[in-house]
Q: 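Starting off with a structure, shown below.
Here the structure is a predicted model, which is why all the values come from computation and not from measurement. Scope of the values below: all heavy atoms of this structure, side chains included, with no hydrogens, waters or symmetry mates. The chains referred to below are lettered A, B, ... by the order of the sequence lines, with proteins before strands, and numbering in each begins at 1.
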Protein chains: 2
Amino acid sequence: MAEGVNIKRLAQELNISIATVSKALNDSYEISLKTKNRVWTLAKELNYTPNPAASNLRSHKTKTIAVVIPCVANNFFSLSIKGIEEIARQYGYHVLIYQTHENIKMEIEFTNSLLSGRVDGILTSVSSSEHNSEYYKTLVKKVPLVFFDRVYEDLEAVKITTDDYDIAFEATEHLIKCGCKRIAYLYGLENLPAGKARFNAYQDALKAHNIALDDELVIRYHEDEDVNFESVKQLLKAVKPDALFSSIEEFIIPSYLACKELNLNVPSAVKILSFSNMDTAKILNPSLTTITQPAFEIGREAAKCLFKILNKKELEERSIVLKSILIKRESTNI
Amino acid sequence: MAEGVNIKRLAQELNISIATVSKALNDSYEISLKTKNRVWTLAKELNYTPNPAASNLRSHKTKTIAVVIPCVANNFFSLSIKGIEEIARQYGYHVLIYQTHENIKMEIEFTNSLLSGRVDGILTSVSSSEHNSEYYKTLVKKVPLVFFDRVYEDLEAVKITTDDYDIAFEATEHLIKCGCKRIAYLYGLENLPAGKARFNAYQDALKAHNIALDDELVIRYHEDEDVNFESVKQLLKAVKPDALFSSIEEFIIPSYLACKELNLNVPSAVKILSFSNMDTAKILNPSLTTITQPAFEIGREAAKCLFKILNKKELEERSIVLKSILIKRESTNI
DNA sequence: TTTAATTACGTAAACGTTTTCGGATTAATT
DNA sequence: AATTAATCCGAAAACGTTTACGTAATTAAA
């Protein structure tokens with residue numbers, strides 16, 4: 001009473017045509033309520049479940065969306081997925097996950113493999129390593145696609161992002177108000193609008209407060225975490241900043257470790273502030289002042305947009321910007 | 001040169017039959033190398049990608065596996081997914097993700113929705129709330145299934161787990177050796193073999209060292225994190241343990257917060273040790289002694305097993321147990 | 001009463017593959 | 001030379017749906 005029960009079987013059992021059963025199951029207006037009920041009850045009784053492959057083959061609908069992201073083991077993205085999944089479930093959709101590991105080749109390879117009708121739409125946050133805007137320029141014409149958080153700026157597509165510039169400006173000002181004069185910047189996502197916006201905000205905030213920029217105070221993210229640790233340590237030793245402003249979560253551990261190793265007290269000797277979705281920020285010692293992006297909501301919004309597109313609903317906005325929040329904690333205490 | 005290119009088109013273009021093209025693409029022995037090459041080059045030239053729905057409908061293979069887990073926003077599971085994905089990619093498989101949010105109804109609903117041939121196999125870590133071993137008993141007969149970490153003990157199925165008992169015993173002994181006499185146990189996963197094993201090991205280790213058990217020292221996980229915080233605080237205040245042994249990661253934040261609020265110094269007044277895959281354990285202050293499960297490897301092993309089953313390879317073991325490691329840090333310093 | 005519209009259902013083609021079976025050609029064996 | 005075997009390929013039937021189109025019966029409009 002489970003195997004081999006298909007639409008044909010239902011039709012035979014009820015002495016009606018296959019077409020009628022199919023239409024009844026899809027609640028078509030062409031079918032009377034009476035027969036619909038007969039079909040529905042038998043379907044439930046025999047525990048009928050439609051064959052997705054057959055349905056997809058004929059109708060070109062997969063009831064599946066794909067999420068292409070750099071890495072699931074990252075607080076921001078795992079929270080985003082949680083949000084995406086919640087919305088997908090509401091629409092009865094399935095969610096495929098692909099990790100690019102910041103590798104643009106994989107990113108393109110995966111995305112291409114989805115183009116043969118495996119999914120109805122794609123949610124993606126591009127890798128930070130390299131750009132290929134030509135690829136995406138043609139891609140967005142082929143498949144419903146929503147970018148979230150990490151986007152291409154020159155691309156006209158649906159994008160969900162956060163107020164990176166504003167919040168980074170606010171954060172920099174916060175450090176300045178805490179008395180910091182030599183604020184180091186730990187630069188991540190250099191190739192992406194988000195990364196650039198954060199850095200620009202940092203620079204603009206310094207200028208606005210008449211603080212000279214200093215290239216020595218800027219270090220860049222390296223994929224090898226040991227390298228990051230060394231460069232933070234070197235920065236602290238050689239350039240002696242009074243604050244670390246990290247634009248990405250990945251610099252937090254090396255920063256704390258480096259300060260510990262160099263016996264630099266946080267926050268009295270050096271203050272730390274970072275973009276982060278770590279739930280442990282509040283129990284670090286000192287607890288960490290963070291810019292926290294609404295990762296869960298970004299996932300939800302991105303998914304909602306995609307479903308609007310899939311359902312041919314009009315989008316009010318092709319670009320949605322959500323607000324991040326600055327959570328002040330001990331690491332920036334005066 | 002991308003839309004509408006299917007096997008039929010290739011056949012026409014090459015003046016051979018559809019069957020031949022299909023077989024050539026699948027590298028069948030029936031086809032000569034010469035025609036294979038003709039097919040392959042044209043396929044590449046026209047950028048042909050097979051239609052997965054059609055292929056699946058006919059062959060009953062989806063090249064897709066599902067991962068059903070409580071929550072992606074959990075270090076253990078996100079790392080597991082990373083491992084699963086890596087193996088899946090090697091086999092050219094796609095990965096569907098389903099979060100149950102510890103809700104057995106959702107768990108069953110999702111899993112059932114996969115039974116109509118949407119996936120070739122399932123990897124799952126069951127929810128901790130309730131049990132339904134009847135359901136899984138019939139399920140394992142219907143679909144290739146591998147359990148990882150959170151399993152049903154009475155079920156004869158392929159399982160990947162860790163040495164929960166041994167490592168929990170070792171951890172408890174570590175606390176005892178550190179001089180702790182009143183070790184509180186923060187109990188999670190009560191309904192699951194892993195949770196029970198950890199608790200049994202805790203009790204057995206105490207007995208082995210002639211330390212009396214005390215029910216007052218045991219508190220249980222509640223899904224509301226505020227409740228956990230209050231119960232840890234109450235425990236620390238009223239029962240005055242000299243150590244907290246947490247069987248799950250979720251107790252870490254409430255524990256640190258409670259100690260801070262009660263001005264209890266860690267580790268001098270109270271030591272803390274927890275199962276955890278948090279990468280920030282090392283920068284907590286004091287850094288946290290953890291039992292860390294090989295989450296990534298568990299994911300890899302589980303996926304490998306599933307693919308062995310899917311490829312009809314013989315499994316050496318129906319049950320694989322991986323070793324966790326006890327990482328001693330400051331939170332259990334003497 | 002006739003015509004038109006509406007309702008309810010069936011026929012059959014299509015979606016793009018895989019696979020069984022059989023046939024033709026060539027090579028190897030008696 | 002006759003038989004067998006090996007190699008290579010094609011015809012056609014599936015897989016389980018959806019959907020365009022046709023049609024009969026009923027109802028509404030003229």
Q: Just to verify, which of Glu107(A), Arg150(A), Lys105(A), His101(A) counts as forming a side chain to side chain donor-acceptor pair (under 3.5 Å) with Ser127(A)?
A: Glu107(A)
Q: Among dG16(C), dT19(C), dA12(C), which nucleotide sits nearest the side chain of Ala19(A)?
A: dA12(C)
Q: How about CD on Glu223(B), more than 12 heavy atoms from neighbouring residues, nucleotides or ligands closer than 6.0 Å, or not?
A: no
Q: Taking the side chain of Ser22(B) as its heavy atoms from C-beta onward, which of dC9(C), dG10(D), dT18(C) lies nearest to it?
A: dT18(C)
Q: Can you measure Leu57(B) atom CG to dA14(C) atom C1' for me and round it to whole angstrom units?
A: 12 Å
Q: Looking at Arg300(A) and Glu86(A), is there a salt bridge between them, counting it only when a charged N and a carboxylate O are closer than 4.0 Å?
A: yes
Q: Would you say Thr35(B) places a side-chain N or O within less than 4.0 Å of OP1 or OP2 belonging to dC8(D)?
A: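 The answer is no; no side-chain N or O of Thr35(B) sits under 4.0 Å from OP1 or OP2.
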Q: Grab the CD1-P distance between Ile16(A) and dT7(C) for me, whole Å please.
A: 20 Å
Q: Could you tell me the separation between the CG atom of Leu33(B) and the P atom of dA6(D), rounded to a whole number of Å?
A: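 One finds 20 Å between P of dA6(D) and CG of Leu33(B), rounded.
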Q: Does any N or O donor sit under 3.5 Å from an N or O acceptor when you compare the side chain of Arg58(B) with the base of dT18(C)?
A: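 Counting by modelled atom types and ignoring angles, a donor-acceptor contact under 3.5 Å is found here.
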Q: Does a side-chain N-to-carboxylate-O contact under 4.0 Å join Arg9(B) and Glu13(B)?
A: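 Result for this pair is yes, salt bridge flagged.
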Q: Need to verify one output field. Residue with the more 5' nearest nucleotide on DNA chain C, Lys23(B) or His60(A)?
A: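 The residue mapped nearer the 5' terminus is His60(A).
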Q: Taking the inter-plane angle between the rings of Tyr136(A) and Tyr152(A) on a 0 to 90° scale, is it parallel (under 30°), tilted (30 to 60°) or perpendicular (over 60°)?
A: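 Because their plane-to-plane angle is over 60°, the rings of Tyr136(A) and Tyr152(A) count as perpendicular.
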Q: Calculate the interatomic distance between Lys61(A) atom NZ and dG16(D) atom C1'; express it in whole Å.
A: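 Value for this atom pair: 18 Å.
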Q: Tell me if the centroids of the rings in His94(B) and Tyr98(A) come within less than 6.0 Å of each other.
A: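 His94(B) vs Tyr98(A): aromatic centres under 6.0 Å.
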Q: Using the C1' atoms of the five pairs at each end, what is the angle between the end axes of the helix from dT1(C)-dA30(D) to dT30(C)-dA1(D), to 10°?
A: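 Terminal axis comparison yields 40°.
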Q: Would you say Ser55(B) reaches dT17(C)'s phosphate, i.e. side-chain N/O to OP1/OP2 under 4.0 Å?
A: no
Q: May I ask you to verify if any side-chain N or O of Tyr48(B) is less than 4.0 angstrom from the OP1 or OP2 atom of dT17(C)?
A: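 Tyr48(B) to dT17(C) OP1/OP2: side-chain N or O found under 4.0 Å.
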Q: Rounded to whole Å, please give me the gap between CD1 in Ile18(A) and P in dA20(D).
A: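 Spelled out: CD1 on Ile18(A) to P on dA20(D) is 17 Å.
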Q: For Asn56(A), answer base if it contacts any base atom (sugar-phosphate contacts may also be present), sugar-phosphate if it contacts only those atoms, and nothing otherwise; contact means non-hydrogen atoms under 4.0 Å.
A: nothing
Q: In this structure, how many angstroms lie between the P atom of dT19(C) and the OH atom of Tyr29(B), rounded?
A: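 After rounding, the gap between these two atoms is 12 Å.
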Q: Find the distance Arg9(A):CZ to dC15(D):P and express it as a whole number of Å.
A: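 Rounded to whole Å, this separation is 15 Å.
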Q: For Tyr91(A) and Phe307(A), take the angle between the two ring planes, folded into 0 to 90°, and tell me which bin it lands in: parallel under 30, tilted 30 to 60, perpendicular over 60.
A: parallel
Q: Between the side-chain atoms of Glu30(B) and the base atoms of dC9(D), is any donor-acceptor pair under 3.5 Å?
A: yes
Q: May I have the distance from Lys8(A) (atom NZ) to dA13(D) (atom C1'), rounded to whole angstrom?
A: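 Atom-to-atom, Lys8(A) to dA13(D), this comes out as 12 Å.
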Q: Within the 4.0 Å heavy-atom criterion, would you say Ser32(A) contacts the bases, only the backbone, or no part of the nucleic acid?
A: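 Here Ser32(A) touches the backbone only, sparing every base.
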Q: Considering heavy-atom distances to DNA chain D, does Ala53(A) or Val21(B) have its closest nucleotide positioned more toward the 5' end?
A: Val21(B)
Q: Mapping Ser17(B) and Ala54(B) onto DNA chain D by nearest heavy atom, which one lands closer to the 5' end?
A: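 Counting from the 5' end, the first nearest nucleotide belongs to Ser17(B).
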Q: At under 4.0 Å between heavy atoms, what does Pro50(A) touch on the DNA or RNA strands: base, sugar-phosphate, or nothing?
A: sugar-phosphate
Q: Could you check whether any side-chain heavy atom of Ser125(A) comes within less than 4.5 Å of a side-chain heavy atom of Phe147(A), counting everything from C-beta outward?
A: no
Q: dT18(C) phosphate, OP1 or OP2: any side-chain N/O from Ser59(B) under 4.0 angstrom?
A: no
